[in-house]
Amino acid sequence: MSDSQKKVGFISLGCPKALVDSERILTQLKIDGYDIVPTYQDADVVVVNTCGFIDDAKRESLETIGEALHENGKVIVTGCMGGDAEQITSIHPGVLSVTGPQAYEEVVGAVHKYVPQIKTHDPFTDLVPPQGIKLTPRHYAYLKISEGCNHRCTFCIIPSLRGDLVSRPIGDVMEEAERLVKAGVQELLVISQDTSAYGVDTKYRTGFWQGTPIKTRMKELCAALGEFGVWVRLHYVYPYPHVDDIIPMMADGKILPYLDIPFQHGSPSVLKAMKRPAHAENTLERIHKWRAICPDLTLRSTFITGFPGETEQDFEIMLNWLEEAQLDRVGCFKYSAVEGAKANEIDGAVPEEVKQERFERFMEVQSRISAKRLQTKIGKTMEVIIDEVDEEGAIGRTAADAPEIDGLVFLNGETELMPGDLVTAKIFQADEHDLWAELAHPEQ
Ligand code: SF4
């Protein structure tokens, strides 16, 4: 690094989709010769990638921008909250520029404008690794397959922030996946707003991968990714009929037997009011069918309690649904009105104390289910991917656990392992979140 090299501080807030945007911006900045630094003091400018999904996230974004302005003074804002520049500039008029999500070129352009490089970047001495800059550890990576969403769920403003679905060409997605695998990635996490809708916008256009025609469609993508021999995990899938086609691939070990499906509710009338994708599907029947084909299938989901118009009866339908579905991992949110969301116009706002009470009842039921399901793993031997190693031992995950959001496996005393190692371990203890295990073959 030369002294004249300009330095950029970068703060990435929000979901994995925003993280992928951050990785793209950072990769471009690095290619352009900027250095990325971890402190406000060292940076010539700070980029904040914001999240505007719910009010708490907006608050956090505004606080972060305020902190960056105070500590550094030169701040460029991008991301979901940047879709409405006014809400940022009215509070922080000192920011240099505001752009919305996926505005990679504008953000990079703003960095060039406010902290121009003195020396031209030399691509032969300042090489960026071919897989780009990743914010996740080296052994797993998010693979974004599309932007935007064609649905109009009434509680969500993402389509107005990110626009309609635009699927990436399948050849590009596969090339990126190949680069990541060659760089040592052991786990690919497929993300989008609606993974099951991949290719709908292009009418499943035929692309090319290694000279062979391949359709831009979830099933074909899963089959192709499954050939890399690394873990492939699917996030944000909706229970459309064609999801049935990928369950056999999971049963055959081609992709991980893991589905992240944001069901959000169990009552048909609430799902209809939410305008959820595939709300008319009989999801319980589908779940039973999937588990019959792939008994190891892990189902993760999120739910909302206290959606406007939710009655006690709706809520009880959801609890019964939960009891029958026996999901493995579940997150729950109390409904909070997001500015600009259609759901705010629905009658029957649920009082805060009722939301809270339902949230607690919901979590009580789900904690019992999650704990019971984890108990069944005791005594089993499973593959574990190692994420972290410290002086106390190693921490990893099984195929049933996505990074950041699911549970962990503790391998106490295993200080010789390395992040990214795949080991076989025997589970001997469980609580409602995590597992404890010992190596099945201690010499591995
Ligand atoms: S599927 Fe619904 S919740 Fe998800 S991004 Fe699209 S509109 Fe929002």
Compute whether any side-chain donor of one residue and acceptor of the other, for Asp201 and Ser167, lie under 3.5 angstrom apart.
yes
Going by atom types alone, do Tyr142 and Glu23 pair a side-chain donor with an acceptor below 3.5 Å?
no
Just checking Glu339: does its CD atom have more than 12 heavy atoms from other residues, nucleotides or ligands closer to it than 6.0 angstrom?
no
Sorted by chain and residue number, the salt bridge (charged side-chain N to carboxylate O under 4.0 Å, His left out) partners of Glu312 (sequence neighbours excluded) come out as Arg358, Arg361
Does Arg397 make a cation-pi contact with Tyr140 (under 6.0 Å, within 45 degrees of the axis)?
yes
Asp260 vs Arg329, test: salt bridge (Lys or Arg N to Asp or Glu O under 4.0 Å). Steps then yes/no.
CA-CA 9 Å; Asp260 174 7; Arg329 302 280 182 191; over 6 Å; no
Quick one: closest heavy-atom pair of Leu297 and Asp328, and the distance?
O-OD1, 3.8 Å
Arg300 (side chain) donor-acceptor with Ile405 (main chain) under 3.5 angstrom:
yes
NZ of Lys275: more than 12 outside heavy atoms within 6.0 angstrom?
no
Report yes or no: does Lys355 contribute a side-chain atom to a donor-acceptor pair with the main-chain N or O of Tyr335 at less than 3.5 Å?
yes
Before accepting this row, confirm whether a basic side-chain N of the pair Lys426/Glu438 lies closer than 4.0 Å to the acidic partner's carboxylate O.
no
Would you check if the side chain of Thr202 reaches a backbone N or O of Gly199 as a donor-acceptor pair within less than 3.5 Å?
yes
Nearest atoms (heavy-atom pairs only) where Ala18 meets Asn49:
O-ND2, 3.1 Å
More than 12 heavy atoms of other groups within 6.0 Å of Glu364 CD
no
Between Thr154 (side chain only) and Ala273 (backbone N and O only), is there a donor and an acceptor less than 3.5 Å apart?
yes
Judged by modelled atom types alone, do His139 and Asp387 share a side-chain donor-acceptor pair under 3.5 Å?
yes
Electrostatic pair Asp401:Arg233 at N-O distance under 4.0 angstrom
no
Close side-chain approach of Tyr236 to Ser196, heavy-atom, < 4.5 Å:
no
Please answer whether the main-chain N or O of Ser22 pairs with a side-chain N or O of Ser12 as donor and acceptor at a distance below 3.5 Å.
no
Regarding Glu310 and His265, is there a side-chain donor-to-acceptor distance under 3.5 Å anywhere?
yes
Is it true that a side-chain atom of Asp434 and a backbone atom of Gly407 form a donor plus acceptor pair closer than 3.5 Å?
no
Nearest atoms (heavy-atom pairs only) where Met249 meets Cys222:
SD-CB, 3.8 Å
Salt bridge (Lys or Arg N to Asp or Glu O under 4.0 Å) evaluation trace for Glu432 with Lys372
CA-CA 8 Å; Glu432 76 258 46; Lys372 196 173 105 199; over 6 Å; no
Return yes if some donor-acceptor pair links the side-chain N/O of Arg162 with the main-chain N/O of Glu147 below 3.5 Å, else return no.
no
Between Ser146 and Tyr198 (side chain of the first, backbone of the second, donor and acceptor by atom type, cut-off under 3.5 Å), is there such a pair?
no
Would Glu220 and Lys215 satisfy salt bridge (Lys or Arg N to Asp or Glu O under 4.0 Å), going step by step from the backbone distance to the final call?
CA-CA 6 Å; Glu220 282 78 357; Lys215 274 190 185 297; over 6 Å; no
Compare all side-chain heavy atoms of Asp172 with those of Glu176 and state whether any distance is below 4.5 angstrom.
no
What are the two closest heavy atoms between Arg286 and Asp244, and how far apart are they?
NH2-OD1, 2.8 Å
I'd like to know if the side chain of Trp321 pairs up with that of Thr283 as donor and acceptor (distance under 3.5 Å, no hydrogens or angles considered).
yes
Are Asp296 and Arg291 close enough for a salt bridge, meaning some N to O gap below 4.0 Å?
no
Minimal heavy-atom distance between Asp245 and Lys219, with the atoms involved, is CB-CD, 3.7 Å
Does the pair Lys334/Glu352 count as a salt bridge with the N-to-O cut at 4.0 Å?
no
Glu392 to Thr415 - nearest heavy-atom pair and separation
C-CG2, 4.2 Å
Between the side chain of His433 and the main-chain N/O of Asp406, is any donor-acceptor distance below 3.5 Å?
no
If you measure only the distance, is there a donor-acceptor pair under 3.5 Å linking the side chains of Ser192 and Thr195?
yes
Exercise: do Ser90 and Glu86 side chains pair donor with acceptor under 3.5 Å
no
Look at the aromatic rings of Phe303 and Phe362 and report parallel, tilted or perpendicular, splitting at 30° and 60°.
tilted
Measuring centre to centre across the rings, with the benzene-like ring taken for any Trp, is Trp231 within less than 6.0 Å of Tyr258?
no
Short question: side chain of Arg217, backbone of Thr206 - any donor-acceptor pair under 3.5 Å?
no
